[in-house]
K.L.:
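To start, I am sharing the structure in question, which I have written as structure tokens.
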Protein chains: 2
Amino acid sequence: MSEVQMAAKRHAPEKEGDERHETIYRVVSDAIVEQRLKPGARLREDALAEVFNISRTGIRKILQRLALEQLVTLTPRRGASVTRPTAEEAKDVFDARQLIECGLMPDVARRIGEKEAAELRDMARQERQALRSGQQSIAIRLSADFHVRLAQLSGNATLAEFVERLCSRSSLILAVYGHRGHLGCESHDHDDLIGYLEAGNGERAKAFMSRHLKAIEASLSMVEGEDNVPDLQDIFGS
Amino acid sequence: MSEVQMAAKRHAPEKEGDERHETIYRVVSDAIVEQRLKPGARLREDALAEVFNISRTGIRKILQRLALEQLVTLTPRRGASVTRPTAEEAKDVFDARQLIECGLMPDVARRIGEKEAAELRDMARQERQALRSGQQSIAIRLSADFHVRLAQLSGNATLAEFVERLCSRSSLILAVYGHRGHLGCESHDHDDLIGYLEAGNGERAKAFMSRHLKAIEASLSMVEGEDNVPDLQDIFGS
DNA sequence: TAGGCTAATCATGTATACAATATTAAAGGC
DNA sequence: GCCTTTAATATTGTATACATGATTAGCCTA
């Protein structure tokens with residue numbers, strides 16, 4: 001039984017209509033973000049429909065949403081597959097995170113309270129724990145969740161949603177260009193960040209976030225991978 | 001014959017498959033951005049399906065995309081309607097534009113060339129012309145197009161896409177909270193902006209864009225409109 | 001045996017039929 | 001006469017059937 005199937009059985013008992021779709025969406029989305037579904041993996045409609053016990057109609061709706069979020073790539077008449085980000089897309093995503101996430105830090109510093117700081121610390125703790133116990137997939141998602149929660153604290157739902165999409169895509173980027181074992185965020189960075197925010201030092205937090213993101217990006221090795229159809233014309237000249 | 005119908009006949013002869021959907025998407029999207037379809041307008045699936053001569057299946061796909069872009073609101077079992085942005089959403093959208101569009105100006109100033117500047121000037125010219133000849137709908141869309149094109153020149157496709165969505169939503173916001181006759185962008189602002197960019201003065205352009213966006217936002221009257229279901233309990237006390 | 005052609009299989013694109021639910025109109029009671 | 005209840009209508013939700021186009025396997029030929 002596949003990971004996705006197990007996740008389906010775990011998460012989707014008998015909910016009604018929309019709940020069901022939302023649940024399935026999240027299960028698939030999580031599987032991608034957690035890198036259990038790797039870039040390039042094909043997502044056949046029939047297969048998914050059978051796993052989740054709904055018709056292809058519902059699956060298509062979910063695949064379309066994932067495609068608009070650029071987690072899956074929809075090729076006409078060829079179906080869906082987990083997106084394999086290009087080097088250029090990777091650069092765009094991290095530049096976008098620099099601009100948006102750093103820009104939000106002052107707002108977050110202004111609005112954060114005791115309760116929110118505690119919640120963030122708990123998330124950071126869970127993340128470290130997942131790392132220690134070797135659950136890398138879980139750690140990756142928790143790390144993304146942390147960045148998203150942070151953005152939500154800014155109070156701007158629109159920008160938080162953008163950050164959510166950027167973090168999901170970052171996970172894909174790490175899967176393709178990251179080194180094994182290294183999952184981006186350093187273990188204690190997030191805790192340090194919470195400290196600056198709680199102290200109300202927005203500018204310091206902003207600078208720290210900038211270094212944090214640069215560090216992640218620097219840890220990538222930007223070689224476009226294996227299955228890019230080798231262009232023989234390029235290789236052998238004319 | 002409705003505006004949408006005419007647009008459909010004009011734009012959608014016999015293309016094949018995906019082209020067709022893309023065309024229909026754009027026709028509906030444009031109708032919303034140009035405020036020919038006003039916030040709150042219901043979009044019944046059957047009606048759209050008939051207008052565009054496709055089945056509801058295709059229409060649902062398009063409505064879903066529009067919903068994810070927050071141009072239409074999908075209420076379960078109640079169908080689709082053009083989104084009526086709340087005051088809070090309006091604030092979020094303009095704050096997001098401040099952060100992103102202003103942040104992109106230095107990049108744009110660095111990358112803009114003669115050809116690009118000429119293209120932008122042409123767009124600004126078309127916009128003024130539309131305004132002068134009383135085609136407010138067209139002017140609104142051209143104004144949004146200008147901002148989007150600008151963002152594209154930054155070279156960051158991801159951020160450009162975000163700006164695209166923000167501009168579409170801004171059009172909706174103007175439709176709800178804007179004053180009649182005033183369509184946001186001052187006629188010559190865009191030309192001034194091109195000047196700073198062409199001179200390579202990114203910081204100046206950034207500051208100007210900031211003022212430009214603030215001016216638009218300031219021109220709104222943020223009273224939540226008419227059809228918010230009147231809460232009789234509130235009005236008459238208990 | 002390698003290359004290319006053909007046929008069979010498989011997957012996606014699209015429409016339609018049917019079921020479930022919301023809206024509207026009508027009728028009846030207070 | 002107005003409000004409530006009930007039936008009719010209209011609209012969305014879901015599955016399925018069929019058509020179209022890709023992929024693969026097998027076969028034939030050179």
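Letters A, B, ... mirror the listed sequences (proteins, then strands); counts begin at 1.
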K.L.:
Checking A:D145 now: which residues fulfil side-chain hydrogen bond (donor to acceptor under 3.5 Å, both in side chains) with it, not counting sequence neighbours?
P.N.:
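Testing A:D145 for side-chain hydrogen bond (donor to acceptor under 3.5 Å, both in side chains), a comparison that skips the adjacent residues, returns A:R141.
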K.L.:
Quickly work out the A:N53 CG to D:dT16 P distance and round it to whole Å.
P.N.:
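From A:N53 CG to D:dT16 P: 11 Å.
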K.L.:
Without decimals, in angstroms, what is the distance between A:R42 CZ and D:dA22 C1'?
P.N.:
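Nearest whole value for this atom pair: 10 Å.
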K.L.:
Rounded to the nearest Å, what distance is computed from the CZ atom of residue B:R20 to the P atom of nucleotide C:dT14?
P.N.:
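One finds 9 Å between P of C:dT14 and CZ of B:R20, rounded.
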K.L.:
Between C:dA15 atom C1' and B:H21 atom NE2, what is the distance in whole Å?
P.N.:
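That distance rounds to 11 Å.
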K.L.:
Without decimals, in angstroms, what is the distance between B:L74 CG and D:dT12 C1'?
P.N.:
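In whole Å, D:dT12 C1' lies 10 Å from B:L74 CG.
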K.L.:
Within this structure, what is the CD-to-C1' distance between A:E50 and C:dC10, rounded to whole angstrom?
P.N.:
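After rounding, the reported distance stands at 15 Å.
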K.L.:
Sort and list the pairs that fulfil salt bridge (Lys or Arg N to Asp or Glu O under 4.0 Å) and have at least one residue in residues 168-179 of chain B, not counting sequence neighbours.
P.N.:
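Output for this query is empty, none listed.
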K.L.:
Within a strict 4.5 Å, meaning less than it, do heavy atoms of the A:L159 and B:I100 side chains meet?
P.N.:
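The answer is yes; the side chains approach within 4.5 Å.
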K.L.:
Is it true that, when you exclude B:Q135 itself, more than 12 heavy atoms of the residues, nucleotides or ligands shown sit nearer than 6.0 Å to its CD?
P.N.:
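Atom CD in B:Q135 is crowded, with more than 12 foreign heavy atoms closer than 6.0 Å.
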K.L.:
From B:I140 CD1 over to B:S170 OG, what is the distance, rounded to the nearest 0.5 angstrom?
P.N.:
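Nearest 0.5 Å value for the CD1-OG distance: 11.5 Å.
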K.L.:
I'd like to know if the side chain of A:T83 and the backbone of A:V72 have a donor-acceptor N/O pair within less than 3.5 Å.
P.N.:
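Between the backbone of A:V72 and the side chain of A:T83 there is a qualifying donor-acceptor contact (under 3.5 Å).
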K.L.:
Is the side chain of A:D92 donor-acceptor paired with the backbone N or O of B:A157 at a distance under 3.5 Å, no angle test?
P.N.:
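Yes.
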K.L.:
Could you tell me the separation between the CG atom of A:D18 and the P atom of C:dA20, rounded to a whole number of Å?
P.N.:
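It works out to 16 Å between those atoms.
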K.L.:
Donor-acceptor check, side chain of A:H147 to backbone of A:C167, threshold 3.5 angstrom: yes or no?
P.N.:
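No, because the side chain of A:H147 does not come within donor-acceptor range (under 3.5 Å) of the backbone of A:C167.
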K.L.:
Got a sec, which pairs hit ring pair (Phe, Tyr, Trp, His ring centres under 6.0 Å) with one end in residues 150-172 of chain B, sequence neighbours left out?
P.N.:
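The answer is A:F162-B:F162.
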K.L.:
Strictly below 4.0 Å, heavy-atom distances to any atom of DNA chain D: list the hits from residues 55-66 of chain B, or just say none.
P.N.:
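Residues of residues 55-66 of chain B under 4.0 Å from DNA chain D: B:R56, B:R60.
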K.L.:
As a test of understanding, state which of B:E69, B:R20, B:K61 forms a side chain to side chain donor-acceptor pair (under 3.5 Å) with B:Y25.
P.N.:
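Of the listed options, the one satisfying the test is B:E69.
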K.L.:
Which pairs, protein N/O on one side and nucleotides 19-21 of chain D N/O on the other, fall under 3.5 Å?
P.N.:
none

K.L.:
Find the distance A:E45:CD to D:dT14:P and express it as a whole number of Å.
P.N.:
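Atom CD in A:E45 sits about 16 Å away from atom P in D:dT14.
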K.L.:
Knowing that exactly one of A:T73, A:L71, A:V82 qualifies, which makes a side chain to side chain contact (heavy atoms under 4.5 Å, CB included) with A:L66?
P.N.:
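Between A:L66 and the candidates, side chain to side chain contact (heavy atoms under 4.5 Å, CB included) is satisfied uniquely by A:L71.
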K.L.:
Give every pair of a protein N or O atom and an N or O atom of nucleotides 8-10 of chain D that lie under 3.5 Å apart, one pair per line with the distance.
P.N.:
none

